[in-house]
Amino acid sequence: MAFAGDSALLCRQIITKNTGLNFQNRVFSVPISPLRFCFNGDKLKGGEVKIGVRAALQSVESVEISKSLEGFSGFDAVTEGELREKGFLGLRKTKLVCTIGPACCSLEDLERLALGGMNVARLNMCHNSREWHRDVIWKIKKLNVEKGFCVSVMIDTEGSQIHVVDHGAPSSVKAEDGSIWLFTTEKFEGSRPFTLQANYEGFSEGIIVGDELVIDGGMASFEVLEKIGNDLRCKCTDPGLLLPRAKLRFWRDGKLVEKNHELPTLSTKDWSDIEFGISEGVDFIAMSFVNDADAVNHLKNHLSTKASASIKVLAKIESMESLHKLEEIVEASDGIMVARGDLGVEIPLEQIPTVQETITHVCRLLNKPVIVASQLLESMIEYPTPTRAEVADVSEAVRQFADALMLCGESAIGSYGQKALSVLRTTSSRMELWSREENQQNGLHQRQLGQSLPDRIAEQICNCAVEMANNLGLDAIFVYTKHGHMASLFSRNRPNPPIFAFTNNESTRMALTLQWGVMPVLVDLSDDIEVNISKTVDLMKTKGMVEEGDAVLVVSDVIPSCETPTVFQSIQVKTIV
Ligand SMILES: Nc1ncnc2c1ncn2[C@@H]1O[C@H](COP(=O)(O)OP(=O)(O)OP(=O)(O)O)[C@@H](O)[C@H]1O
Ligand SMILES: CC(=O)C(=O)O
Ligand SMILES: [K+]
Ligand SMILES: [Mg+2]
């Protein structure tokens with residue numbers, strides 16, 4: 001039992017060190033008179049916060065297998081299987097997003113992706129029909145219900161960007177050096193030789209003769225020879241492929257001519273896609289070409305008025321302007337996507353790695369999940385193995401502690417989508433192991449987020465608890481949470497053990513699928529912390545998910561509903577007997 005004393009001492013030291021609070025007893029008060037303040041809406045009596053800190057190593061007594069395990073079966077099938085097979089530390093922390101397209105949209109394909117570790121399915125509203133998207137969403141929900149998966153659904157808006165209209169066949173055309181092309185806004189069916197239709201009337205506004213027209217971030221380049229009304233006659237100066245929906249950008253004197261700001265972030269089509277997403281009950285809306293926080297706030301307000309505030313809004317960073325306003329966008333949104341595909345059209349490619357590192361860093365500091373997306377395993381669209389450079393790129397995103405990695409064309413149209421997913425899985429697991437062995441999380445800086453004392457306390461409890469869990473070599477962190485906030489504060493510290501977030505809220509569960517190291521579990525929650533703990537441990541024992549001797553750190557932020565609550569948050573270390 002020396003262990004018990006050690007952990008109690010350690011807990012006190014850590015909490016004293018990090019909060020500046022000192023204490024003698026297990027439950028102590030911090031007088032903050034004359035302030036009165038709210039804690040999750042409850043006015044506290046006497047203007048004091050009481051925090052319970054119990055760090056004695058307790059044993060879960062040989063709990064009788066509870067009569068009422070109903071409602072406690074919310075482990076997803078994949079986590080359950082992996083936990084049994086590999087143990088707590090074998091669970092992958094980095095989350096995986098797959099873009100669903102024609103190559104992986106059958107029920108069987110989707111099931112294989114879910115079994116392969118897909119945490120979020122992304123539907124790009126740029127492509128395919130409403131009926132097709134609805135069918136995919138239904139299949140995912142059916143698999144979740146019938147096969148016990150926990151795969152969230154994300155829709156990704158088309159957004160307003162200037163590109164070539166997709167005429168269907170032929171799928172790509174080659175532009176030869178010196179060839180002359182017309183870029184027009186005139187609508188026409190089929191294809192015309194040396195003519196491409198732009199999707200936006202004003203695509204050539206402000207463009208002058210001599211400007212450079214860059215296709216898809218450098219796939220091909222043209223020089224503007226002549227303006228004819230809105231149309232542009234151009235000469236190919238750097239030959240290459242013109243793909244359907246190829247992106248058009250103009251450069252002058254080595255700098256991008258910024259044009260996107262006159263277009264709304266959400267077009268009429270985007271708004272109708274959003275209504276569709278709301279009615280289909282999607283979990284995330286990824287907003288393309290966000291330029292400022294206003295755009296994010298606008299959508300979030302709209303969702304609130306529709307009683308759909310539980311849908312999380314992810315801002316895609318894929319324009320120069322969004323980089324100038326990164327912090328305000330991160331603060332306004334529920335998460336971020338580093339959309340390297342379009343970003344690479346707006347900034348020089350050699351800047352992508354450092355920009356990615358900055359964005360992932362800012363997101364972690366501000367406690368927002370971040371997805372690294374596009375071309376992670378691009379060659380696997382055609383080939384069954386990745387290039388070494390691609391594996392290095394995936395590893396780098398994991399080393400940066402990104403919350404999630406995303407497949408695009410690799411899963412949507414590629415021939416080896418499941419293989420690509422398994423490359424992400426094995427590469428991220430390997431890199432996470434290295435990261436743990438090298439104590440990489442020690443170098444992570446933390447920024448204080450909370451302003452009020454209760455928020456700061458919650459934050460400090462999570463920071464301290466993670467330090468405890470790492471130092472004591474604990475097997476898992478259990479957090480009981482309604483809205484997932486404390487689970488995310490744990491995740492932000494990138495702890496060694498996995499974080500099991502027990503929640504009674506389905507939306508919370510589906511939102512946590514994107515957060516690094518968090519295994520969301522749907523359960524009934526009682527006001528009694530001890531009941532919650534013994535019920536979950538019971539359940540995990542019956543399912544063979546915990547073993548005798550496993551030591552877990554337990555934190556609850558479920559506020560008891562009694563009138564004068566005395567213990568709001570507590571840290572406990574328990575061993576399974
Ligand atoms: N639902 C779909 N139906 C048909 N093709 C799809 C679908 N989703 C994706 N694709 C194909 O997969 C490719 C990669 O998909 P992805 O959505 O990542 O690319 P994208 O269109 O460049 O993304 P974005 O427009 O958001 O920047 C697309 O170019 C498209 O050809
Ligand atoms: C994913 C996406 O939108 C991009 O990379 O541009
Ligand atoms: K999109
Ligand atoms: Mg994009």
Side-chain angles (χ1 to χ4, degrees), residues 96-101 120-130 132-133 136 153-164 166 199-200 214-219 243-249 256 260 263-274 276-277 282 284-291 295 299 313-323 329 333 335-347 349 351-353 355-356 359-360 369-378 381 390 393-394 397 402-414 420 424 514:
L96 306 177
V97 183
C98 300
T99 301
I100 309 303
V120 179
R122 164 182 179 252
L123 292 165
N124 188 348
M125 304 313 277
C126 293
H127 310 287
N128 234 312
S129 67
R130 185 67 50 85
W132 183 88
H133 290 290
V136 172
V153 176
M154 174 200 300
I155 57 166
D156 188 324
T157 62
E158 180 162 351
S160 310
Q161 54 172 324
I162 302 171
H163 59 81
V164 168
D166 181 1
N199 68 328
Y200 172 57
V214 179
I215 308 287
D216 274 342
M219 193 77 117
L243 301 174
R245 295 180 54 86
K247 284 140 194 168
L248 307 177
R249 294 290 188 282
L256 181 80
N260 255 353
L263 297 167
T265 303
L266 293 171
S267 66
T268 315
K269 174 178 182 287
D270 291 334
W271 281 112
S272 90
D273 286 338
I274 286 164
F276 164 77
V282 302
F284 298 99
I285 297 174
M287 256 179 124
S288 294
F289 296 99
V290 169
N291 284 329
L299 177 56
V313 175
L314 308 178
K316 292 172 67 184
I317 304 298
E318 51 186 344
S319 67
M320 186 81 107
E321 217 173 328
S322 64
L323 289 175
I329 295 173
S333 60
I336 293 291
M337 186 193 292
V338 189
R340 304 188 303 181
D342 282 299
L343 201 51
V345 174
E346 299 247 331
I347 64 172
L349 289 185
Q351 289 180 18
I352 298 266
V355 163
Q356 172 184 318
I359 301 171
T360 45
V370 57
I371 305 168
V372 173
S374 292
Q375 298 189 342
L376 282 166
L377 298 171
E378 187 79 355
I381 294 179
E390 286 166 342
D393 179 43
V394 170
D403 288 80
L405 307 173
M406 187 169 111
L407 293 179
C408 296
E410 300 93 331
S411 51
I413 48 169
L424 288 190
L514 203 52

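When a ligand or atom number is given, it counts from 1 through the structure's own listing order. Residue numbers start at 1 and run along the sequence shown. Predicted, not measured: the structure shown is a model, and the values here were computed from it.
- Taking distances strictly below 2.8 Å, the protein N/O/S atoms close to the Mg ion (ligand 4) are Glu318 OE1, Asp342 OD2.
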* Just do the side chain to side chain donor-acceptor pair (under 3.5 Å) check on Thr157 and Asp273 with the steps written out, would you? => CA-CA 7 Å; Thr157 62; Asp273 286 338; over 6 Å; no

* Asked: Is there a side chain to side chain donor-acceptor pair (under 3.5 Å) between Ser411 and Arg122 once you walk through the steps?
  -> CA-CA 10 Å; Ser411 51; Arg122 164 182 179 252; over 6 Å; no

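- Shortest contact from atom 5 (O) of ligand 2 to any protein heavy atom: Ser374 OG, 2.4 Å.
- Within the model, atoms CD of Glu378 and CD of Glu410 stand 5.5 Å from one another, a figure rounded to the nearest 0.5 Å.
- Distance check for Asp156 against the K ion (ligand 3): an N/O/S atom falls below 3.4 Å.
- With a 4.5 Å cut-off on side-chain heavy atoms, Leu256 and Ile347 do not count as touching.
- Using modelled atom types, no side-chain atom of Glu346 and backbone atom of Glu318 make a donor-acceptor pair closer than 3.5 Å.
- For Ser319 (side chain) and Phe289 (main-chain N/O), no donor-acceptor pair under 3.5 Å exists by modelled atom type.
- Contacts of Ala339 with ligand 2, taken as heavy-atom pairs under 4.0 Å, involve both backbone and side chain.
- Close contacts between ligand 2 and Gly341 involve ligand atoms 4 (C), 5 (O), 6 (O) [criterion: under 4.0 Å to a heavy atom].
- Applying the 4.0 Å criterion to heavy atoms of Arg340 picks out, from ligand 2, the atoms 5 (O).
- Considering backbone and side-chain N/O atoms, Lys247 never comes within less than 3.5 Å of an N/O atom of ligand 2.
- The ring pair (Phe, Tyr, Trp, His ring centres under 6.0 Å) check on Trp132 picks up nothing, with sequence neighbours excluded.
- Counting heavy atoms from C-beta on, the side chains of Ile285 and Ile155 come closer than 4.5 Å.
- Applying side-chain hydrogen bond (donor to acceptor under 3.5 Å, both in side chains) to Ser288 and the options Asp270, Thr265, Asp342, Asp156 leaves one that passes, Asp156.
- At a heavy-atom cutoff of 4.0 Å, ligand 2 is contacted by the side chain of Lys316 but not by its backbone.
- With hydrogens and angles left out, the side-chain atoms of Arg340 and Gln375 include no donor and acceptor closer than 3.5 Å.
- The backbone N or O of Leu407 sits less than 3.5 Å from a side-chain atom of Thr99, completing a donor-acceptor pair.
- For ligand 2, the polar-atom distance check finds no N/O of Met406 at less than 3.5 Å from any of the ligand's N/O atoms.
- If you put the vertex on the K ion (ligand 3), O of Thr157 and OG of Ser288 sit 50° apart, to the nearest 10°.
- Note that CE of Met125 and CD of Glu158 are 9.5 Å apart. Values are rounded to the nearest 0.5 Å.
- Using a non-hydrogen distance threshold of 4.0 Å, Arg122 registers as a contact of ligand 2.
- Taking 3.4 Å as the criterion, Met125 does not count as a coordinating residue of the K ion (ligand 3), since none of its N, O or S atoms falls below it.
- Ligand 2 has no N or O atom lying under 3.5 Å from any N or O atom of Asp156, backbone or side chain.
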